[in-house]
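As structure tokens, the structure follows; a few thoughts come after it.
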There are 2 protein chains.
Amino acid sequence: MRLTQQRTALLQLINSSDRHWDAEQIAASLSREGHKIGIATIYRGLQALEQAALITAIQIDGRKHYERADKQHHDHLICTACGTIAEFYSPEIESLQLQVAEAHQFSIADHQLTLYGLCRDCRVAKEPIP
Amino acid sequence: MRLTQQRTALLQLINSSDRHWDAEQIAASLSREGHKIGIATIYRGLQALEQAALITAIQIDGRKHYERADKQHHDHLICTACGTIAEFYSPEIESLQLQVAEAHQFSIADHQLTLYGLCRDCRVAKEPIP
DNA sequence: TTATTTGCAAATCCTTTGCACCCAG
DNA sequence: CTGGGTGCAAAGGATTTGCAAATAA
């Protein structure tokens, strides 16, 4: 894979933040920063970077969202009210997944666990006023 | 929600099987059975039925797949070679999810856990010939 | 009756592709 | 130098929408 200017910009943007980005958001952010990069190049670049394991992706609501790869594996808590994405890691859950797979003679290559609901802030916001 | 002929057909198809269906597959199957139903009606009907909790949905590869709602909750094992979808239920994982959520002061409304990999048959098929 | 639902086609959203030109290795 | 990468615009697949006609309650 060739590390071009455009791909470097993608990588830099993603690696310098803790967010999850979709293609549109990346396009908007890069163009705000003055980069010239076509949307097709963004899609192709993200694909290439993911395949090279330089970034990781999760599927949210039918859209791919990318994040830094230089973190330990984790799963996600997504607030359906404000859209915030938090992360968690549970070694117990991971190990139980392996047990489940083994019981089915299934070999896991990957998994995605996403919890949907209300984050702390949005719960508070919905509390009845006393 | 009005239970029209078309929605009854959708419900019957889904309830009479153990599969996961996407909109295209439903359209094909119903038309094969001689039903006349527009694709827009299928999408709208599935939405309505899901909202009424008469069917459930999971997101696979950016596409919604529907299945019967009259089963206990479960998660999925998806074979990336043959596309087969198996199901599992782990009360331990469910309970750990609740613990994780609690630790984050997050209230879970829903979740999706999907394990991707090779099912037993596809593993066997990939074994080197001795 | 009458508020919903349907069917069709057009529209939308996200993503991919074709192709001529460009540039990193 | 040259094969992979880029940009543009057009194509694509899945889903949604507008609207007049049909229908369930």
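Just the heavy atoms: all of them, side chains too, but no hydrogens, waters or symmetry mates, feed the values below. This one's a predicted model, so the numbers in the text were calculated from it and none came from an experiment.
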When rounded to whole Å, the CD1 to C1' distance for the pair B:Ile42 and C:dG7 reads 12 Å

With respect to the phosphate group of C:dG7, does any side-chain polar atom (N or O) of B:Gln6 fall under 4.0 Å of OP1 or OP2? yes

Please check this pair: side chain of A:Gln112 against backbone of B:Leu113, looking for a donor-acceptor N/O pair closer than 3.5 Å. no

Just to be sure I understand the rule, does A:Arg44 reach a base, reach only the sugar-phosphate, or reach nothing, if contact means heavy atoms closer than 4.0 Å? base

Return the value, rounded to whole Å, for the distance between atom CG of B:Asp22 and atom P of D:dG13. 14 Å

Spacing of B:Gln51 atom CD relative to C:dT5 atom C1', expressed in whole Å: 15 Å

Please check if any side-chain donor atom of B:Gln12 sits under 3.5 Å from a side-chain acceptor atom of B:His35, or the reverse. no

Contact under 4.0 Å: A:Arg7 side-chain N or O vs D:dT6 OP1/OP2: yes

May I have the distance from A:Lys36 (atom NZ) to C:dC21 (atom C1'), rounded to whole angstrom? 14 Å

Mind calculating the distance between CG (A:Asp61) and P (C:dT15) to the nearest angstrom? 11 Å

Note: for B:Gly62 and B:Gln5 on DNA chain D, the residue whose nearest nucleotide lies more 5' is B:Gly62

A:His65 and A:His76: side-chain donor and acceptor closer than 3.5 Å? no

B:Lys64 atom NZ is separated from C:dC13 atom P, nearest whole Å, by 18 Å

D:dG7, OP1 or OP2 - any side-chain N/O from A:Thr41 closer than 4.0 Å? yes

Does C:dT15 have its OP1 or OP2 closer than 4.0 Å to a side-chain nitrogen or oxygen of A:Tyr43? yes

As a test of reading the structure: which of C:dT16, C:dT5, C:dA24 is closest to the side chain of A:Thr4, going by heavy atoms? C:dA24

When you get a sec, tell me which of C:dT6, D:dC8, C:dT15 is the closest nucleotide to the side chain of A:Arg63? C:dT15

Under 4.0 Å between any heavy atoms, over every strand shown, what does B:Ile37 touch: base, sugar-phosphate, or nothing? Just pick one. sugar-phosphate

Flag if over 12 foreign heavy atoms under 6.0 Å of CD, B:Glu102: no

Looking only at C:dT5, D:dG5, D:dG18, the nucleotide nearest the A:Met1 side chain is D:dG5

Which nucleotide in the set D:dA14, D:dA25, C:dT15 lies at the smallest distance from any side-chain heavy atom of B:Leu3? D:dA25

From NE2 of B:His65 across to P of D:dT15 the rounded distance in Å is 9 Å

Residues pairing under side chain to side chain donor-acceptor pair (under 3.5 Å) where one sits in residues 45-54 of chain B, two or more places apart or in two chains, turn out to be B:Glu50-B:Lys64

With the side chain defined as heavy atoms from C-beta on, A:Arg2 is closest, among C:dT16, C:dA24, C:dC8, to C:dA24

In whole angstrom, give the distance that lies between atom CD1 of B:Ile39 and atom P of D:dT16. 11 Å

